[in-house]
Engineer: 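Let me begin by handing over the structure; questions about it come next.
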Amino acid sequence: MNFAFYNPTHLIFGAGTLSQLGALVSEQGTKALVVTGGGSVKRSDTFDRAAASLKSAGIAFAECDGVEPNPRISTVRRGVQIARDQGCDVIIALGGGSTMDAAKVMAAAFYYDGDPWDMILHGQPKPYIPTRALPIVTVPTLAATGSEMNMGAVISNEETREKSFVLAACLYPRVALADPELTMSVPKDQTAYGVCDLITHVTEAYFNGVDGTPIQDRFAEGVILTAMEWGPKAIADGKDLEARSQVQWASIVALNGWVNAGTNGGYPVHMIEHTLSAYHDITHAAGLSVINPSWMRFAAKHRPRKFVQFAQRIFGLAGKGADDLDCALQGIDRFECFLREIGCPTRLSELHIDDTLLTRYAQDTLRIIHDENGHLPGRPAMTEADIVAVLKAAL
Ligand code: NZQ
Ligand code: ZN
């Protein structure tokens with residue numbers, strides 16, 4: 001293991017913490033741009049309560065609403081313009097991962113004269129990696145991406161049909177205010193997708209990482225078991241605050257750098273999914289739920305030992321030895337069953353995706369990210385044919 005760990009985000013977690021928003025923002029600026037999605041925060045009382053807290057702390061604010069799922073670069077451009085026109089000095093993201101990601105890129109683009117799309121890695125020779133951003137305060141309303149406490153953002157370009165990411169230290173939010181009460185209005189399907197997303201964040205590092213990470217393995221298994229225990233409860237009863245709290249905390253630790261520290265692996269399932277979202281505008285974790293089991297079956301043949309460990313520790317399967325491929329595959333079947341039971345799709349046909357463009361998806365994925373051999377980073381690194389095979393097996 002060889003790694004650095006850094007996460008400067010001040011996390012405030014717990015039911016009722018939304019009331020602290022104004023006081024926290026007043027430590028960062030005086031005029032906020034409040035970024036929101038398609039209206040869920042206004043249909044609940046979340047927006048009104050946030051506005052009241054800002055008002056009582058003397059924070060003025062402008063609004064950028066309408067951030068779409070799979071947030072678009074055109075929306076980022078619109079938000080930056082509002083922030084500049086209105087003289088904002090702090091950005092508040094009040095919503096799901098899409099809203100938070102768009103807000104983060106707006107915050108960095110505020111100080112950049114070029115086009116914000118220059119920051120998103122899409123195969124350009126010299127991406128612009130931002131070094132400065134307006135202070136960002138995230139208030140997640142959906143437990144899934146972990147964006148509230150990490151340095152990443154994922155943005156789509158609707159014109160070029162690309163979806164990709166930026167990673168930059170200036171994108172770490174100054175404060176993440178995670179109030180599980182705000183997630184109680186998330187519908188069943190989005191709750192399930194959130195559970196799938198957070199599990200996939202740790203399975204990517206678990207299966208693609210370097211050998212010899214026993215603590216990280218246990219952390220990851222803890223996140224998976226917690227999500228599998230509490231996720232179904234949150235889906236069954238959205239008002240179950242305890243379940244909502246456990247799922248939200250799991251989603252934060254899954255991608256704030258701690259659980260995956262030192263694993264240094266690729267995120268092949270995510271990279272392939274982003275291409276599918278770029279073409280079909282599907283929900284991120286619906287795509288993951290289809291690709292991940294298929295990718296696991298492909299990868300298990302190359303590294304059965306890790307998949308046997310997964311089968312044993314997550315599902316209690318016995319196995320005939322450390323390299324028992326049958327046991328590894330049974331564990332994957334059980335995982336796929338879990339995804340189906342919570343209502344996630346597991347076939348591309350359920351997403352109305354057929355085999356017409358499989359090669360195109362593979363080529364686009366590799367154009368955006370590849371290693372020195374032109375392969376998709378992961379264990380094993382994937383060729384174009386490998387990606388097509390994984391997608392074909394998921395039809
Ligand atoms: O837009 P509104 O009206 O707010 O409705 C949203 C949206 O329709 C709704 N929703 C959110 N909170 C709600 C709610 N509905 C009722 N009550 C609430 N409290 O849920 C729908 C989905 O929202 P979205 O923000 O798109 O979902 P999610 O949080 O899953 O974010 C997905 C995006 O994050 C990216 C994905 O690629 C995708 O673009 N990711 C970002 C990552 C990161 N920054 O670290 C990592 C992830 O792997 C992921 O790639
Ligand atoms: Zn994800």
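All values derive from a computational prediction rather than experimental measurement. Along the sequence shown, the residues carry numbers beginning at 1.
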Engineer: Would you call Tyr361 and Ile387 a side-chain contact if the rule is heavy atoms closer than 4.5 Å?
Structural biologist: no
Engineer: Taking all non-hydrogen atoms of both residues into account, name the closest pair between Gly262 and Val210 and its distance.
Structural biologist: O-CG2, 3.5 Å
Engineer: Strictly by modelled atom types, are Lys163 and Asn70 linked by a side-chain donor-acceptor pair under 3.5 Å?
Structural biologist: yes
Engineer: Taking atom types as modelled and ignoring hydrogens, do the side chains of Thr275 and Asp364 form a donor-acceptor contact shorter than 3.5 angstrom?
Structural biologist: no
Engineer: Side chain to side chain donor-acceptor pair (under 3.5 Å): which pairs involve residues 165-190, sequence neighbours left out?
Structural biologist: Gln28-Arg174
Engineer: On a heavy-atom basis, which atom in Asp101 and which in Pro71 lie closest, and how many Å separate them?
Structural biologist: CB-CG, 4.4 Å
Engineer: Does Arg297 come within less than 4.0 Å of Asp333, counting only side-chain N to carboxylate O?
Structural biologist: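 Salt bridge flag = yes for Asp333 with Arg297.
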Engineer: Check whether Leu21 and Leu134 end up in the same hydrophobic cluster, where Ile, Leu, Val, Met, Phe, Trp and Tyr are linked by side-chain heavy atoms less than 4.5 Å apart.
Structural biologist: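 Leu21 does not cluster with Leu134.
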Engineer: Are Gln330 and Asp326 close enough that a side-chain donor and a side-chain acceptor fall under 3.5 Å?
Structural biologist: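 Looking only at side-chain atoms, Asp326 and Gln330 do not form any donor-acceptor pair under 3.5 Å.
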Engineer: Not counting sequence neighbours, which residues clear ring pair (Phe, Tyr, Trp, His ring centres under 6.0 Å) with His375? List them please.
Structural biologist: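 Here no residue qualifies.
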Engineer: Inspect the contact between Asp240 and Lys233 and indicate whether a charged nitrogen and a carboxylate oxygen are less than 4.0 angstrom apart.
Structural biologist: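 Result for this pair is no, no salt bridge flagged.
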Engineer: Judged by modelled atom types alone, do Gln246 and Thr226 share a side-chain donor-acceptor pair under 3.5 Å?
Structural biologist: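 Short answer, no.
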Engineer: So do the side chains of Glu148 and Ser251 get within less than 4.5 Å of each other, counting heavy atoms only?
Structural biologist: yes
Engineer: Which residues, ordered by chain and number, are linked to Leu142 in its hydrophobic cluster, where ILVMFWY side chains connect at heavy-atom gaps below 4.5 Å, directly or through other members?
Structural biologist: Val186
Engineer: List for me each residue that meets ring pair (Phe, Tyr, Trp, His ring centres under 6.0 Å) alongside Phe338, sequence neighbours excluded, and say none if there are none.
Structural biologist: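 For Phe338, no residue satisfies ring pair (Phe, Tyr, Trp, His ring centres under 6.0 Å) once neighbours in sequence are set aside.
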Engineer: Is there a side-chain contact (heavy atoms from CB on, under 4.5 Å) between Leu255 and Met149 once you walk through the steps?
Structural biologist: CA-CA 8 Å; Leu255 207 58; Met149 198 181 172; over 6 Å; no
Engineer: Should the heavy atoms of other residues, nucleotides or ligands under 6.0 Å from CZ of Arg367 be counted, would the total exceed 12?
Structural biologist: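 For Arg367, atom CZ is crowded (more than 12 foreign heavy atoms under 6.0 Å).
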Engineer: Working to the nearest 0.5 Å, report the span between OH of Tyr206 and CZ of Arg218.
Structural biologist: 8.0 Å
Engineer: So do Trp249 and Ile252 actually touch side chain to side chain, heavy atoms under 4.5 Å?
Structural biologist: yes
Engineer: Any side-chain heavy atom of Ile314 within less than 4.5 Å of one from Leu225?
Structural biologist: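 Yes, their side chains come closer than 4.5 Å.
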Engineer: Among side-chain atoms of Ser277 and Glu273, is any donor-acceptor pair under 3.5 angstrom?
Structural biologist: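 A donor-acceptor contact under 3.5 Å links the two side chains.
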Engineer: Indicate yes or no: at least one non-hydrogen side-chain atom of Thr46 is less than 4.5 angstrom from one of Thr36.
Structural biologist: no
Engineer: Indicate whether any N or O donor in one side chain lies under 3.5 Å from an N or O acceptor in the other, for Asn208 and Lys306.
Structural biologist: no
Engineer: From the options Leu276, Ile282, Asp354, select the one residue that forms a side chain to side chain contact (heavy atoms under 4.5 Å, CB included) with Leu348.
Structural biologist: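 Among the candidates, only Leu276 passes.
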Engineer: Output yes when Arg379 and Asp211 qualify as a salt bridge under the 4.0 Å nitrogen-oxygen rule, no when they do not.
Structural biologist: yes
Engineer: Distance alone, cut at 3.5 Å: any donor-acceptor contact between the side chains of Thr203 and Asn292?
Structural biologist: yes
Engineer: Quick one: do the Ser53 and Ser19 side chains pair a donor with an acceptor below 3.5 Å?
Structural biologist: no
Engineer: Within the 3.5 Å criterion, strictly below it, is a donor on Asp115 or Tyr128 matched to an acceptor on the partner's side chain?
Structural biologist: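 Side chains of Asp115 and Tyr128: no pair found under 3.5 Å.
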Engineer: Minimum heavy-atom separation for Phe5 and Ala261, please, with both atom names.
Structural biologist: CD1-CB, 4.3 Å
Engineer: When you measure from the side chain of Glu162 to the backbone N and O of Ser156, does any donor-acceptor pair fall under 3.5 Å?
Structural biologist: no
Engineer: Hey, does Val247 have a side-chain heavy atom less than 4.5 Å from the side chain of Leu198?
Structural biologist: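 Yes, side chains in contact.
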Engineer: Do Arg244 and Thr191 get their side chains close enough for a donor-acceptor pair, meaning under 3.5 Å?
Structural biologist: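 Yes, a side-chain donor-acceptor pair sits under 3.5 Å.
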Engineer: Answer yes or no: does atom CG of Leu395 have more than 12 heavy-atom neighbours from other residues, nucleotides or ligands under 6.0 Å?
Structural biologist: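 Buried by this count: over 12 neighbours within 6.0 Å.
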Engineer: Using a 6.0 Å cut-off, check whether atom CZ of Arg132 has over 12 heavy atoms from anything other than its own residue.
Structural biologist: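 Counting neighbours around CZ of Arg132, 12 or fewer heavy atoms of other residues, nucleotides or ligands fall under 6.0 Å, so no.
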Engineer: State whether the side chain of Gln20 and the backbone N or O of Leu24 hold a donor-acceptor pair below 3.5 Å, judged by distance alone.
Structural biologist: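 Checked: no pair found.
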Engineer: Just one of Ile59, Thr99, Leu54 clears the side chain to side chain contact (heavy atoms under 4.5 Å, CB included) bar with Ile92, so which one?
Structural biologist: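 Among the candidates, only Leu54 passes.
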Engineer: Determine whether Glu63 and Leu33 make a side-chain contact, defined as any pair of heavy atoms from C-beta on separated by less than 4.5 Å.
Structural biologist: no
Engineer: Students often mix this up, so state it plainly: with edges at 30° and 60°, are the rings of Phe310 and Phe207 parallel, tilted or perpendicular?
Structural biologist: perpendicular
Engineer: Search all heavy atoms of His370 against all heavy atoms of Pro377 and return the closest pair with its distance.
Structural biologist: CA-CD, 4.1 Å
Engineer: Please determine whether the number of non-hydrogen atoms from other residues, nucleotides or ligands lying under 6.0 Å from atom NZ of Lys392 exceeds 12.
Structural biologist: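 Result for NZ/Lys392: open.
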Engineer: Write out all pairs satisfying side chain to side chain donor-acceptor pair (under 3.5 Å) with one or both partners inside residues 253-263, taking only residues at least two apart or from two chains.
Structural biologist: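 Every side chain to side chain donor-acceptor pair (under 3.5 Å) pair that includes a residue of residues 253-263, provided the two are not neighbours, is Asn260-Tyr267.
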Engineer: Please examine the side chains of Glu68 and Ser98, heavy atoms only from C-beta on, and report whether any two atoms are closer than 4.5 Å.
Structural biologist: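 The answer is no; the side chains never approach within 4.5 Å.
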Engineer: Mind listing the closest non-hydrogen atom pair of Ile332 and Pro293 along with its distance?
Structural biologist: CG2-O, 3.7 Å
Engineer: Side chains of Gln309 and Glu221: is there a donor and an acceptor less than 3.5 Å apart?
Structural biologist: yes
Engineer: Using the test ring pair (Phe, Tyr, Trp, His ring centres under 6.0 Å), find all partners of His284 that sit at least two apart in sequence or belong to another chain.
Structural biologist: His270, His274
